[in-house]
Amino acid sequence: MATFATPDQLLVIIDPVARSTDGESVRIAKDVLGAGAASTKVCLPESPEEFARMLQRRGSRRPVLIGDDRALVRTVALLHRRRELAGCVLSVVPVGPVLGVAHALGVPTGAVAAARAVLDGTERRLDVLVDDSDGVVLGALRIPPLPAESSMAESSMADASGAGSSGSPSSGSPSSGGGPHGRPWLHSLVRTLAHPRTARPSRLAAAPPSPGPARLRVEVDGETLVDLDQPVEAVSVTPGASGTAEVIVRPLSLGADAAPIEARGRIVTVSGADFRYRADASVAGPVRRRTWTVREGALGLMLPGR
């Protein structure tokens, strides 16, 4: 049963990975939150089980997560499984080695800016994908999963162009085209998969080498987009706007470049030989069939006001 949170009473849960990788950013975030909120309770879980218990016992306090993408996805998944996601507004201060998903959703990646968004931001309702095993995808999923080296190199190039150097998101900021709730990053899917803050790659973000072209059936709202007789190089699915997902299938190119096949829909099913996929910061599978459904406005997230 959902409990309505009191806006100025915060439950700050600090993920252990954040504490171990960037203690200075954690300290700064705690100081800003403590100075701006009427009441702040800080929790330091040491295990996923302890993390889940602390979140469950939040009472009327508004939950604030200090952690990276993996902690963010874990928190949303816990709330979803307890059917508490719709009645909860989550706040995030991104700290840790993998921050691409939070960045793409519009959360500032600087500790001060993110903490101020917790205190003074605006609730935005964002679409998510939920699969038939009750897994949750916040950013993008890709079949086959990108090798870790490719995704990290892509993110490094984004940093070099200024995407991650200012401490606030560029493609997802209100000043850029469309704002975070318009999701202008749909055409930069790889940048949502990894945003390393240190040189150490994430073990969960690591994927096996790409197996090459795959034979998959991709269906969008019951209509077949591509069938098993057409090998594909990649499939990506991203929550879009107004309760639909953007699906992009890249057929195997023989000679001339094959144009990608694009579609939008609410329910996406992929089936075929065993395949793996990258969902946000982790790799899942192998599976032979998986269905993702868009849940419109399922995630309430505090983001900087316009």
Side-chain angles (χ1 to χ4, degrees), residues 2 69 72-73 75-90 101 104-106 123-145 171-172 177-193 214 216-228 230 232 234-251 259-272 275-282 284-285 287-301 303:
D69 288 347
L72 172 59
V73 172
T75 302
V76 173
L78 284 169
L79 293 169
H80 167 71
R81 285 196 294 269
R82 293 175 182 154
R83 302 303 181 251
E84 297 175 359
L85 190 58
C88 178
V89 180
L90 185 63
V101 175
L105 292 176
E123 176 190 353
R124 308 274 175 80
R125 304 303 304 189
L126 304 177
D127 296 355
V128 302
L129 298 173
V130 176
D131 68 35
D132 46 13
S133 68
D134 228 17
V136 179
V137 182
L138 307 182
L141 67 89
R142 190 185 191 280
I143 311 167
S171 61
H181 39 298
R183 301 209 181 197
W185 43 272
L186 287 173
H187 300 290
S188 301
L189 297 170
V190 177
R191 289 174 58 187
T192 70
L193 301 177
L216 300 170
R217 177 181 291 117
V218 181
E219 301 167 82
V220 180
D221 289 343
E223 298 292 329
T224 300
L225 195 61
V226 64
D227 215 334
L228 299 172
Q230 185 176 11
V232 299
V235 179
S236 62
V237 184
T238 311
S242 303
T244 61
E246 181 180 84
V247 183
I248 302 176
V249 178
R250 300 191 180 278
I261 303 170
E262 301 184 15
R264 286 184 176 274
R266 181 174 175 270
I267 301 174
V268 181
T269 298
V270 179
S271 57
F275 63 91
R276 298 179 185 271
Y277 58 92
R278 180 186 294 274
D280 295 326
S282 64
V287 296
R288 293 189 175 183
R289 181 183 178 91
R290 182 115 293 167
T291 296
W292 291 271
T293 302
V294 179
R295 299 289 177 86
E296 185 175 3
L299 173 61
L301 196 63
L303 297 174

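We number each residue from 1, following the sequence as shown.
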query: For the side chain of R142 and the backbone of P144, is there at least one donor-acceptor N/O pair under 3.5 Å apart?
result: yes

Distance-only criterion, 3.5 Å: show the donor-acceptor pairs between side-chain atoms of residues 293-300 and protein atoms not counting sequence neighbours.
none

- prompt: Which atom names give the shortest non-hydrogen contact between G139 and P239, and what distance separates them?
  reply: O-CD, 2.7 Å

- request: I would like to know whether R276 and I143 meet side-chain contact (heavy atoms from CB on, under 4.5 Å); could you show each step before the answer?
  value: CA-CA 6 Å; R276 298 179 185 271; I143 311 167; over 6 Å; no

query: Hey, does I248 have a side-chain heavy atom less than 4.5 Å from the side chain of S236?
result: yes

Reported CZ-to-SG distance for the pair R83 and C88, which is rounded to 0.5 angstrom: 14.5 Å

query: Shortest non-hydrogen contact from V101 to D69?
result: N-OD2, 2.8 Å

message: Counting C-beta onward and ignoring hydrogens, is there a side-chain heavy-atom pair between L72 and L105 closer than 4.5 Å?
response: yes

Taking every non-hydrogen atom, the tightest pair across A245 and V237: CB-CG1, 4.0 Å

- prompt: When rounded to the nearest 0.5 angstrom, what distance separates CG in L216 from CD in Q230?
  reply: 11.0 Å

query: Under a 4.5 Å cut-off applied to non-hydrogen side-chain atoms, are I261 and P251 in contact?
result: yes

field: Residue of the set L141, L225, V249 for which side-chain contact (heavy atoms from CB on, under 4.5 Å) holds with V235
entry: V249

message: Distance check, rounded to the nearest 0.5 Å: L85 atom CG versus H80 atom NE2?
response: 8.0 Å

- prompt: So, for A140 and T238, which heavy atoms are closest and what is the spacing to 0.1 Å?
  reply: CB-OG1, 3.8 Å

field: Validation row: V136, L129 side chains within 4.5 angstrom (heavy atoms)
entry: no

task: Output all residues satisfying side-chain hydrogen bond (donor to acceptor under 3.5 Å, both in side chains) with S133, sequence neighbours left out; order by chain, then residue number.
output: D131

field: Closest contact, heavy atoms only, T244 versus D127
entry: N-OD2, 4.2 Å

task: Please identify each residue that fulfils side-chain hydrogen bond (donor to acceptor under 3.5 Å, both in side chains) with T224, with sequence neighbours left out.
output: none

message: Just verifying a value: how many Å separate W292 CH2 and I267 CD1, rounded to the nearest 0.5 Å?
response: 13.5 Å

query: Can any side-chain N or O of R290 pair as donor or acceptor with the backbone N or O of V270 at less than 3.5 Å?
result: no

- request: Verify, without hydrogens or angle tests, whether D280 (side chain) and V137 (backbone) share a donor-acceptor contact under 3.5 angstrom.
  value: no

message: Walk me through whether Y277 and V287 qualify under side-chain contact (heavy atoms from CB on, under 4.5 Å).
response: CA-CA 9 Å; Y277 58 92; V287 296; 4.1 Å; yes

field: Test log, rule side-chain contact (heavy atoms from CB on, under 4.5 Å), inputs D221 and R266
entry: CA-CA 6 Å; D221 289 343; R266 181 174 175 270; 3.8 Å; yes

field: R124 side chain reached by L301 side chain, heavy atoms, under 4.5 Å
entry: no

message: Tell me whether R125 is salt-bridged to E123, with the criterion being a basic N under 4.0 Å from an acidic carboxylate O.
response: yes

- request: Inspect the contact between R81 and D134 and indicate whether a charged nitrogen and a carboxylate oxygen are less than 4.0 angstrom apart.
  value: no

